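Note that this is a predicted model, so its numbers are computed, not measured.
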Amino acid sequence: MEINDLTPAEQRVWRAFATGTEVDLPGDGEQSVRAAVVRALLLNGPREAGEIAAVKLRGARITGELDLRYATVDSVVHLTHCRFEEPPDLTGAHLRYLSLRDSEMPGLSMTRTRIDGSLRLTRCRFDGPVRLDGSQISGALFLEGVEITAEPGPRPVLQLHQISVADDLCARGLRARGAIRLDGATIAGSLDLEDADLAHPGGFVVEAEAVEIGANLLARRLRAEGRIDLRGARIPGRVDLLDARLSNPGGTALRASSCVIGEFWLRRGPRVEGMLNLRRAEINQLDVEPEMLPDQVRMLDLTYTFLTPHEPPERRLPMLERDGEGYDPHAYEQLTAAYRRIGDDQAARLVQLAKQRRRRSTLPWYGQVWGHLQDAAVGYGFRPLRAAGWLLSLLAVGSLVFAGHHPPPLKRAESPEFDPVFFTLDLLLPVISFGQEGAFAPTGGYRTLAYVLVVTGWILATTVVAGVTRTVSRQ
């Protein structure tokens, strides 16, 4: 391309390339720059010894398609505050550094692109889909303030699947209407979605299965309308959803099943609309406010070490009853262990009691009857003082009744002196004998009372032994 074939604006860009000088154009029609000129500069532009060549163009109107497919560009590219007539195509290209900051484009294609430095798309506005899938970025990826107004369709409006970022992926304030795909992405630093506004009602808003993030997923004040899928993600830092608004009525709002997460924060925001799925996840610290939990919470095989903030069992137990698959004993054991780690044994016992009551509803009728007896008698062994109360009450009743009516002795000459208290104890305690029960034989209604005391004593003894055994086995 000859310089005489260039417009005055293009000549300024051409001359500035060799020294990397920025050219600031007003951006009107007369100051437009053809994409072919930019391509020619990047592939075979003039050089000067001792200078670093670069295209630094600001405020231009780029006409035609910027086609750099599979090209190798060894100079820095700054096309900021520009307006592109057609979507740039950098598929498979190899660049040192690229900045399209504050530009407007009908779309962008950078599939399998390799960038040795960072890629900056800060505050760009796209009318069509953005494809960065499979790209390798040795620095950071900046998407903060990006606005994608493409009409939602069968394909994601922002494709980042299988991308590799050696630093942070900064998408703070991102605004998109449609799906964002991050499946299989590898981000060495943090993924920042704070203040993002994402919407794809009834569909996936973020697809991030098997994503690997080296530090944190930051999503404070995130507004997401649609399904977020983090299944199989690996995030050693924290998933920060403070003040977030997650909404997908009638479907799953957040799926984090089979994930490995350091800390999971879900606090200070409105209640999640839609299902929360944490099945088979491994979380070191689960920081969740009960008020944010939706009506459906899937927790099968969820494991966590710490549960914060510290709440009484009455506020934590309802979340264990929101799994539509029914009774899950593992969930109760996890909550019990969390209370025991902080030394709250009373709360741990209440959770175990709630577990037995929930299990009772899954038993046949005779099992439920026996369960009710254990619950009423000793609280399944977690309220042993209740058994003592029953025994003392029955002892008092029996002692008063038999004190007023001494049962006749079986062998008058050999019978000991009758004692109503020890006679009642003989009836109530099946493993202890004071020599009273076998020496006297009540008749009529008093015999019926004796039988009731014997049966009640056996029930109390059995439930106490079962409860104590269960309690000891949990220690």
Worksheet item: Taking only residues two or more places apart in sequence, or in another chain, which ones meet Ala140 in a side-chain contact (heavy atoms from CB on, under 4.5 Å)?
Response: Ser118, Phe142, Asp167
Discussion item. Once ring-ring contact (aromatic ring centres under 6.0 Å, His included) is applied, what residue pairs with a partner in residues 207-230 remain, sequence neighbours excluded?
Written reply: none
Worksheet entry | Derivation and outcome, salt bridge (Lys or Arg N to Asp or Glu O under 4.0 Å), residues Glu22 and Arg58 | CA-CA 7 Å; Glu22 183 179 67; Arg58 177 186 175 93; 5.1 Å; no
Could you list the donor-acceptor pairs under 3.5 angstrom formed between side-chain atoms of residues 195-204 and any protein atom two or more places apart in sequence or on another chain?
{"residue": "Asp195", "atom": "OD1", "partner": "Arg221", "partner atom": "NE", "Å": "2.7"}
{"residue": "Asp195", "atom": "OD2", "partner": "Arg221", "partner atom": "NH2", "Å": "3.3"}
{"residue": "Asp197", "atom": "OD2", "partner": "Arg177", "partner atom": "NH2", "Å": "3.2"}
{"residue": "His200", "atom": "ND1", "partner": "Phe204", "partner atom": "O", "Å": "2.7"}

Fill in: Contact list for residues 260-274, test salt bridge (charged side-chain N to carboxylate O under 4.0 Å, His left out), sequence neighbours left out
Asp243-Arg268, Arg267-Asp287, Arg271-Asp295
Fill in: With Val239, the side chain to side chain contact (heavy atoms under 4.5 Å, CB included) member among Ile261, Ile213, Asn216, Leu218
Ile261
Discussion item. Checking His78 now: which residues fulfil ring pair (Phe, Tyr, Trp, His ring centres under 6.0 Å) with it, not counting sequence neighbours?
Written reply: Tyr97
Worksheet item: Do NZ/NE/NH1/NH2 and the carboxylate oxygens of Asp301 and Arg280 come within less than 4.0 Å?
Response: no
Practice prompt. Start with the C-alpha distance between Leu254 and Leu241, add both sets of side-chain angles, then the distance that settles side chain to side chain contact (heavy atoms under 4.5 Å, CB included), and finish with yes or no.
Written response: CA-CA 11 Å; Leu254 174 61; Leu241 292 167; 3.9 Å; yes
Quiz: residues 46-56 side-chain donor-acceptor pairs under 3.5 angstrom, not counting sequence neighbours:
{"residue": "Arg47", "atom": "NH2", "partner": "Asp74", "partner atom": "OD1", "Å": "3.1"}

Fill in: Stepwise salt bridge (Lys or Arg N to Asp or Glu O under 4.0 Å) test for Arg123 and Glu144
CA-CA 6 Å; Arg123 293 184 299 278; Glu144 65 265 42; 5.9 Å; no
Discussion item. Once salt bridge (Lys or Arg N to Asp or Glu O under 4.0 Å) is applied, do any residues pair with Asp328, and if so which ones, sequence neighbours excluded?
Written reply: none
Fill in: Qualifying residues under side-chain contact (heavy atoms from CB on, under 4.5 Å), relative to Glu104, sequence neighbours excluded
Arg83, Arg125
Response to the item:
salt bridge (Lys or Arg N to Asp or Glu O under 4.0 Å) filter on Glu282, not counting sequence neighbours, yields none
Item to complete: Could you note down all residue pairs passing ring-ring contact (aromatic ring centres under 6.0 Å, His included) where residues 236-286 supplies at least one of them, sequence neighbours left out?
Response: none
Item to complete: May I have the step-by-step check of side chain to side chain contact (heavy atoms under 4.5 Å, CB included) for Arg316 and Leu307, ending in yes or no?
Response: CA-CA 10 Å; Arg316 291 296 186 189; Leu307 180 61; 3.8 Å; yes
Discussion item. Quick check for you: to the nearest 0.5 Å, what is the distance between Thr72 atom OG1 and Arg114 atom CZ?
Written reply: 9.0 Å
Fill in: Contacts of type ring pair (Phe, Tyr, Trp, His ring centres under 6.0 Å), residue His310, not counting sequence neighbours
Tyr339
Worksheet item: Could you give all pairs that pass the side chain to side chain donor-acceptor pair (under 3.5 Å) test and reach residues 204-214, with sequence neighbours left out?
Response: Glu209-Arg231
